[in-house]
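Below is one structure, written out as structure tokens, with a few remarks after it.
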Protein chains: 2
Amino acid sequence: MGLTKTEIFTPEQNELSTLMKAIAHPARIAILQQIISANACICGDLVEELGLAQATISQHLKELKNAGIIQGTIEGVKVCYCIEPKTWELLKSLLDSFLGSYKNPASCC
Amino acid sequence: MGLTKTEIFTPEQNELSTLMKAIAHPARIAILQQIISANACICGDLVEELGLAQATISQHLKELKNAGIIQGTIEGVKVCYCIEPKTWELLKSLLDSFLGSYKNPASCC
DNA sequence: ATTTTATATCGCAATATTACGATTATAATA
DNA sequence: TATTATAATCGTAATATTGCGATATAAAAT
């Protein structure tokens with residue numbers, strides 16, 4: 001096996017898990033934090049900021065882009081990455097309703 | 001390689017990614033939703049609810065338990081699972097500050 | 001046109017994840 | 001005590017992820 005059974009779950013469950021999976025890596029969290037704190041966007045500074053090889057950073061950026069979380073614009077030789085607002089909002093609302101669906105229980109097991 | 005370089009990241013980045021990773025699977029999202037909607041807790045009903053083998057469900061439950069997201073109590077032959085409020089709150093606040101750190105930009109690339 | 005700079009992709013090795021059947025452990029029941 | 005019900009663990013196969021060196025691509029500068 002080794003293959004997630006996507007068919008048996010709802011689109012929402014699959015979508016949320018895909019988005020979370022894209023973020024659920026310390027390097028990608030660090031990349032996103034950098035992109036956010038650099039306000040507008042950055043490029044290959046990430047390779048220096050984090051201690052990872054250029055190929056590795058590029059691969060992580062690709063995954064974030066595939067998930068629709070970031071967006072890259074070519075600026076001459078460099079590529080400028082920034083957050084994709086729509087996906088970010090989507091993730092926020094999906095997570096909000098998921099995490100918010102749990103109300104501290106009166107009693108449990 | 002194939003081994004995440006945990007050392008080069010902050011504890012927060014590692015913690016958040018660990019928690020998200022534990023949740024970032026449609027089966028585990030479904031399991032958590034079941035646990036939440038069953039209000040108190042459930043046990044092996046999950047095997048019937050979702051269309052996965054008993055061993056698979058048990059493994060997912062173990063991962064959620066290892067991450068500290070759920071808690072299991074033995075009740076005779078059955079085991080009752082429920083949300084671990086502290087971890088849930090932690091995740092909520094970590095995600096809140098992470099997702100909230102991005103403010104829709106005036107301009108980007 | 002050649003060189004330089006920045007980024008993407010390829011190919012690979014190590015490790016992790018996913019799913020499941022089979023088996024084991026444990027507690028309740030007969 | 002033997003049986004039954006429930007859940008955990010073992011072992012295994014298939015696939016995915018992580019990280020990197022090497023190479024390719026593309027735009028800018030010389």
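Throughout, protein chains are lettered first and strands after them, A, B, ... in sequence-line order, and every chain is numbered starting at 1. Note that these values count all heavy atoms, side chains included, but never hydrogens, waters or copies made by symmetry. As the structure is a prediction and not an experimental result, all values here were calculated from the model.
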Nearest of dA19(C), dA8(C), dT9(D) to any side-chain atom of Ala55(B)?
dT9(D)

Write down the distance between CD (Glu48(A)) and C1' (dA6(C)), rounded to a whole number of angstrom.
12 Å

With respect to the side chain of Val77(A), which nucleotide from dT5(C), dT9(C), dT18(C) is positioned closest?
dT5(C)

What's the CD1-P distance between Ile8(A) and dT18(C), to the nearest Å?
13 Å

What's the closest nucleotide to the Ser58(A) side chain, out of dT15(C), dT7(C), dA22(C)?
dT7(C)

As an exercise, state the distance from CG of Leu52(A) to CD of Gln59(A), rounded to the nearest 0.5 Å.
11.0 Å

Write down the distance between CG (Asn66(B)) and P (dT18(C)), rounded to a whole number of angstrom.
13 Å

So which one's nearest nucleotide on DNA chain C is more toward 5', Ala27(B) or Gly76(B)?
Ala27(B)

Indicate, with a heavy-atom threshold strictly under 4.0 Å, whether Leu52(B) touches base, sugar-phosphate, or nothing.
sugar-phosphate

Within the side chain of Arg28(A), is there an N or O that forms a donor-acceptor pair under 3.5 Å with the backbone of Leu64(A)?
no

By nearest heavy atom, map Gln59(A) and Val47(B) onto DNA chain D; which one lands nearer the 5' end?
Val47(B)

Crowding at CD1, Ile74(A) (>12 non-hydrogen neighbours, <6.0 Å)
no

Pick base, sugar-phosphate or nothing for Gln54(A), based on heavy-atom distances below 4.0 Å to the nucleic acid.
base

Under 4.0 Å, counting only non-hydrogen atoms across every strand here, what does Ile74(A) touch: a base, just sugar-phosphate, or nothing?
nothing

How far does CD1 of Ile35(A) sit from CG of Leu61(A), to the nearest 0.5 angstrom?
6.0 Å

Leu46(A) atom CG is separated from dG19(D) atom C1', nearest whole Å, by 16 Å

Side-chain contact check for Thr4(A): nearest option of dA19(C), dG19(D), dA22(C) is dA19(C)

Would you say His60(B) places a side-chain N or O within less than 4.0 Å of OP1 or OP2 belonging to dA19(C)?
yes

Quick check on dA16(D): is either OP1 or OP2 less than 4.0 Å from any side-chain nitrogen or oxygen of Lys21(A)?
no

With the side chain of Ala53(A) defined as its heavy atoms from C-beta on, choose the nearest nucleotide among dA8(C), dA7(D), dG21(D).
dG21(D)

Can you find a side chain N or O atom of Tyr81(B) that sits less than 4.0 Å from OP1 or OP2 on dT6(D)?
no

Please report the distance, rounded to the nearest Å, between CG in Leu61(B) and C1' in dT17(C).
16 Å

Any idea which of dA8(C), dC20(D), dT18(D) is nearest the Lys5(B) side chain?
dC20(D)

OP1 or OP2 of dA19(C) sitting under 4.0 Å from any side-chain N/O of His25(B)?
yes

May I ask you to decide if the ring planes of His60(A) and His25(A) are parallel, tilted or perpendicular, using 30° and 60° as cut-offs?
tilted

Both Thr56(A) and Gly44(B) contact DNA chain D. Taking the nearest nucleotide for each, which residue is further toward the 5' end?
Gly44(B)

Please give, in whole Å, the distance from dT9(D) P to Ile57(B) CD1?
15 Å

Are there more than 12 heavy atoms of other residues, nucleotides or ligands under 6.0 Å from atom CD of Glu7(B)?
yes

Whole-Å gap separating P (dT18(D)) and CD1 (Ile23(A))
13 Å

How long is the line joining CD of Glu63(A) and P of dT9(C), in whole Å?
13 Å

